[in-house]
Asker: 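Attaching a single structure in structure tokens format; questions to follow.
Just so it is clear, the values below take in all heavy atoms, side chains as well, and ignore hydrogens, waters and symmetry mates. Worth saying up front: this structure is predicted, and the values here are computed from it rather than measured.
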Amino acid sequence: MTDLINLMNDLLWGAILVYLLVGVGIYFTFRLGFIQFRHFGHMFSVLRNSRKSDSSGISSFQALCTSLAARVGTGNMAGVAVALTLGGPGAIFWMWMTAMLGMATSFAESTLAQLYKTRDKDGNYRGGPAYYMEKGLGMRWMGVLFSIFLIIAFGLVFNAVQANSISSAMNTAFGFEPLHVGIVIVLLSSFVIFGGIRKIARTAELIVPFMALAYIVIALAVVFINIDKLPAAINLIFRSAFGLEQAAAGGIGYAIAQAMINGVKRGLFSNEAGMGSAPNAAASATPYPPHPASQGYVQMLGVFVDTIVICSATVAIILMSGEYVPHGEITGIELTQRALSSQVGDWGSIFVAFAIFFFAFTSIIANYSYAETNLIFLEHNNKKGLVVFRIIVLGMVMFGSLATLPVVWSMADVSMGLMAIVNLVAILLLSGIVVKLAKDYNRQLKAGKLPTFDANDYPELKSQLEEGIWDNNKSQ
């Protein structure tokens, strides 16, 4: 069984997904006119007005924090270290390139999620890939398939893995028993997830900016202490990315391939662009400007912050510490802890433990919110089913706190890979609508107007949209 799962995992990520995700990123980059570069500054302009919401939706800022809570997990601290160890410093360059392409993919999927969002029985906005597969493509079966894959990966297994990371870090740093740590995580998680999507969004809004800023400040302090090493570190990344570092020893092609594969793979794991996860948060927002494309800009910024900013912070800590050894035995979170401790003292390891706690805890609650949205899609808001599912999720959190999960982690990779393939096919089929919405938004922006979407202007789309959400938007 383990061999079969690993074979599927290698096939998906080694032969299909890496190329498919990069290819889709290139496709949307060209079709949207290099939107992530031309309108880079506009992402921040939209963010400045992102605190507005209404009775049905959370604010765009809360949606961004929720998606970042899921994106920014232990992968940003441990995954980068793994990429460095397996692919060399050059892997970081390809991680950056993947993120820049992924921003266009993220724009596409999040814009579609906004367009096809619905209201649940409590009046809250819901949406995501499953919803635009059903409404935009008329393929509910495709949405059902996607929802099942997402619930397995994000709702159950990834939450167990995140809980495992917390209990391991707390045991290493403070000697706390995994059982006691698990009980605390379950209690905290239950308080948030039983409060619904708004409490999840408020919690993410409070924790995510603080934890990300604290981590970035520490990284900047390490860079400042080692400012004389910065040019050499940047030079090493670029030379290794194109095999120049290995030119003298031969084997340039192999070195470049390893850097690309590991950098692209870890980048995709980190920012989730194209996976179909973040659109579930994007759909919950009340966008401002009131146009689906504005949420596309906000979620593009999420990919940038996750990979270009936070992952780069980990890179700076490791490369400037002197702890990095190519293909060394020390990797993952241990390498990050050692690197930071060598720069700031023993408290660095404690800081990493707390950082993992906050990163992983917010990932648990954001992952749950994604799964809840997809369960509602399957069950049409069955309240009893939702309560049972919440209890199962908390059970997986406790299980993860106590168990080691190598096989389960591989199963999650397979499930997430299948989920991504389904989503990528859907957004390619709906790419014409994405381009139409982007052009509409930017035409209004150039005319000096506040970009506003009115379904009455799009009779070919109106029948696909939920009644009352976008109708007569200009008069609201």
Asker: Specify the closest pair of heavy atoms between Leu437 and Ala293, including all atoms of both residues, with the distance to one decimal.
Answerer: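 Closest approach of Leu437 to Ala293, heavy atoms only: O-CB, 4.3 Å.
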Asker: Starting from the C-alpha separation in whole Å, work towards a yes-or-no answer on side chain to side chain contact (heavy atoms under 4.5 Å, CB included) for Ile166 and Val184.
Answerer: CA-CA 11 Å; Ile166 294 175; Val184 171; over 6 Å; no
Asker: Rounded at 0.5 Å granularity, tell me how far NE2 in His291 sits from CG in Asp454.
Answerer: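 One gets 10.0 Å once the value is rounded to the nearest 0.5 Å.
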Asker: I would like to know whether Phe146 and Phe377 meet ring pair (Phe, Tyr, Trp, His ring centres under 6.0 Å); could you show each step before the answer?
Answerer: CA-CA 11 Å; Phe146 175 86; Phe377 175 83; 9.0 Å; no
Asker: Under the salt bridge (Lys or Arg N to Asp or Glu O under 4.0 Å) rule, what pairs show up with a residue in residues 187-196, not counting sequence neighbours?
Answerer: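 For residues 187-196: none.
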Asker: Indicate whether any N or O donor in one side chain lies under 3.5 Å from an N or O acceptor in the other, for Gln162 and Asn367.
Answerer: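 No.
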Asker: May I ask you to decide if Gly274's main-chain N or O and Glu109's side chain share a donor-acceptor pair within less than 3.5 Å?
Answerer: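 Such a contact is found between Glu109 side chain and Gly274 backbone.
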Asker: Show the numbers, then the answer: is there a side-chain hydrogen bond (donor to acceptor under 3.5 Å, both in side chains) between Tyr27 and Ser431?
Answerer: CA-CA 10 Å; Tyr27 174 77; Ser431 60; 3.2 Å; yes
Asker: Please state whether the rings of His39 and Tyr297 are parallel, tilted or perpendicular, taking 30° and 60° as the class boundaries.
Answerer: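 Judged by the thresholds at 30° and 60°, the geometry between His39 and Tyr297 is tilted.
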Asker: Do side-chain atoms of Gln299 reach the backbone of Thr111 as a donor and acceptor pair under 3.5 angstrom?
Answerer: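 Looks like no, no N/O pair under 3.5 Å.
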Asker: Set out, in order, the CA-CA distance, both residues' side-chain angles and the distance that settles side chain to side chain contact (heavy atoms under 4.5 Å, CB included) for Arg390 and Phe194, then state yes or no.
Answerer: CA-CA 8 Å; Arg390 287 169 175 171; Phe194 274 93; 3.7 Å; yes
Asker: With side chains defined as the heavy atoms from C-beta onward, is the minimum distance between Leu465 and Phe453 less than 4.5 Å?
Answerer: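 SC-SC contact between Leu465 and Phe453 confirmed.
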Asker: Shortest non-hydrogen contact from Leu301 to Met43?
Answerer: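 Smallest heavy-atom distance, with atoms named: N-SD, 3.6 Å.
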Asker: Could you pull out the closest heavy-atom pair between Ile185 and Ala163, with the gap in Å?
Answerer: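 Answer, listing the atom of Ile185 first, then Ala163: CD1-O, 4.1 Å.
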Asker: List the atom of Gly102, the atom of Ala273, and the distance in Å for their closest heavy-atom pair.
Answerer: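 For Gly102 and Ala273, the tightest heavy-atom pair comes out as O-CB, 3.3 Å.
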Asker: For a quick test of reading the model, state the closest non-hydrogen atom pair linking Ala313 to Ala219 and the distance between them.
Answerer: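 Nearest pair, atom of Ala313 first, then Ala219: CB-CB, 3.4 Å.
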Asker: I want to check something: taking the side chain as every heavy atom from C-beta on, are Thr373 and Leu150 in contact at a cut-off of under 4.5 Å?
Answerer: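 No; the side chains remain at least 4.5 Å from each other.
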Asker: Rounded to the nearest 0.5 Å, what separation is found between the OG atom of Ser147 and the CG atom of Leu375?
Answerer: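 Going from the OG atom of Ser147 to the CG atom of Leu375 covers 9.0 Å.
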Asker: Would you find more than 12 non-hydrogen atoms of other residues, nucleotides or ligands less than 6.0 Å from Phe30 atom CZ?
Answerer: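 No, the 6.0 Å shell around CZ holds no more than 12 heavy atoms from other groups.
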Asker: Could you check whether atom CZ of Phe210 has more than 12 heavy atoms from other residues, nucleotides or ligands sitting under 6.0 Å from it?
Answerer: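 It does not: Phe210 CZ has 12 such atoms or fewer within range.
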Asker: Which residue pairs pass the side chain to side chain donor-acceptor pair (under 3.5 Å) test when at least one of the two sits in residues 208-217, sequence neighbours left out?
Answerer: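 Sorted result for residues 208-217: Tyr215-Thr314.
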Asker: Just by distance, do the side chain of Gln295 and the backbone of Ser110 share a donor-acceptor pair under 3.5 Å?
Answerer: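 No, the answer is negative, given that no donor and acceptor are paired below the 3.5 Å cut-off.
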Asker: Can you tell me how far the OG1 atom of Thr105 sits from the CE atom of Met300, to the nearest 0.5 Å?
Answerer: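 Thr105 OG1 to Met300 CE: 11.0 Å, rounded to 0.5 Å.
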Asker: Classify the angle between the aromatic ring planes of Tyr116 and Tyr132 as parallel (below 30°), tilted (30 to 60°) or perpendicular (above 60°).
Answerer: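 Geometry flag for Tyr132 against Tyr116: tilted rings.
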Asker: Within the 4.5 Å heavy-atom criterion, are Pro451 and Asp440 side-chain neighbours or not?
Answerer: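 A side-chain contact under 4.5 Å is absent here.
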Asker: What residues, two or more places apart in sequence or in another chain, satisfy side chain to side chain donor-acceptor pair (under 3.5 Å) together with Lys439?
Answerer: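 So Lys439 forms no side chain to side chain donor-acceptor pair (under 3.5 Å) with any residue.
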Asker: Do Leu428 and Val24 come within less than 4.5 Å of each other through their side chains, counting heavy atoms only?
Answerer: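 Yes, side chains in contact.
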Asker: Got a sec: does the CZ of Phe37 have more than 12 other heavy atoms crowding it under 6.0 Å?
Answerer: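 Counting other residues, nucleotides and ligands, CZ of Phe37 exceeds 12 neighbours.
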Asker: Would a 4.5 Å heavy-atom cut-off, applied to side chains only, mark Leu101 and Phe28 as touching?
Answerer: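 SC-SC contact between Leu101 and Phe28 ruled out.
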Asker: Could you check whether any side-chain N or O of Lys117 sits under 3.5 Å from a backbone N or O of Ala285, counting only pairs where one atom can act as donor and the other as acceptor?
Answerer: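 Yes; at least one donor-acceptor contact below 3.5 Å.
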Asker: Does any N or O in the side chain of Asn280 come within less than 3.5 Å of the main-chain N or O of Ser277, such that one atom is a donor and the other an acceptor?
Answerer: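 Indeed, once roles are kept as given, a pair shorter than 3.5 Å links the two residues.
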Asker: Rounded to the nearest 0.5 Å, what separates atom CG in Leu188 from atom CZ in Phe357?
Answerer: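 Atom-to-atom, Leu188:CG and Phe357:CZ are 5.5 Å apart.
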Asker: Could you label the plane-to-plane angle of the Phe154 and Phe158 rings as parallel, tilted or perpendicular, counting under 30° as parallel and over 60° as perpendicular?
Answerer: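 Aromatic pair Phe154/Phe158 classed perpendicular.
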Asker: Does the side chain to side chain contact (heavy atoms under 4.5 Å, CB included) test come out yes or no for Lys135 and Thr118, once each step is laid out?
Answerer: CA-CA 10 Å; Lys135 292 178 173 293; Thr118 66; 3.2 Å; yes
Asker: Given 3.5 Å as the limit, does a donor-acceptor pair link the side chain of Ser401 with the main chain of Val397, or not?
Answerer: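 Yes; judged by distance alone, with no hydrogens or angles, the pair exists.
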Asker: Measuring from atom CD1 of Ile16 to atom CG of Leu418, what distance do you get when rounded to the nearest 0.5 angstrom?
Answerer: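 Result: 9.0 Å between the selected atoms.
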Asker: Does Ala438 offer a backbone N or O that forms a donor-acceptor pair with the side chain of Asn442 under 3.5 Å?
Answerer: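 Yes.
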Asker: Could you tell me which non-hydrogen atom of Ser190 sits nearest to which non-hydrogen atom of Leu394, and how far apart they are?
Answerer: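 It is CB-CD1, 3.6 Å.
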Asker: Would you say Ser369's side chain and Ala366's backbone share a donor-acceptor pair under 3.5 angstrom?
Answerer: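 Yes; judged by distance alone, with no hydrogens or angles, the pair exists.
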Asker: Kindly indicate whether a cation-pi arrangement holds for Arg126 with Tyr131, taking the cut-offs as under 6.0 Å to the six-membered ring centre and within 45° of the axis.
Answerer: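 Arg126 over Tyr131 ring: no.
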Asker: Evaluate side chain to side chain contact (heavy atoms under 4.5 Å, CB included) for Tyr368 paired with Phe389, printing each intermediate quantity in order.
Answerer: CA-CA 10 Å; Tyr368 166 77; Phe389 180 67; 3.8 Å; yes
Asker: Would you call Glu134 and Val144 a side-chain contact if the rule is heavy atoms closer than 4.5 Å?
Answerer: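 Glu134 does not reach Val144 side chain to side chain.
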Asker: When you measure from the side chain of Thr362 to the backbone of Phe359, do you find a donor-acceptor pair of N or O atoms at a distance under 3.5 Å?
Answerer: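 Here the side-chain-to-backbone pair exists.
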Asker: Within the 4.5 Å heavy-atom criterion, are His42 and Leu445 side-chain neighbours or not?
Answerer: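 Yes, at least one pair of side-chain atoms sits under 4.5 Å.
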Asker: Within the 4.5 Å heavy-atom criterion, are Met142 and Val425 side-chain neighbours or not?
Answerer: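 Yes, side chains in contact.
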Asker: Between Asn159 and Gly155 (side chain of the first, backbone of the second, donor and acceptor by atom type, cut-off under 3.5 Å), is there such a pair?
Answerer: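 Side chain of Asn159 to backbone of Gly155: a pair is present.
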Asker: Give, for atom NZ of Lys446 and atom OH of Tyr441, the distance between the pair rounded to the nearest 0.5 Å.
Answerer: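 Interatomic distance, Lys446 NZ to Tyr441 OH, rounded to 0.5 Å: 13.0 Å.
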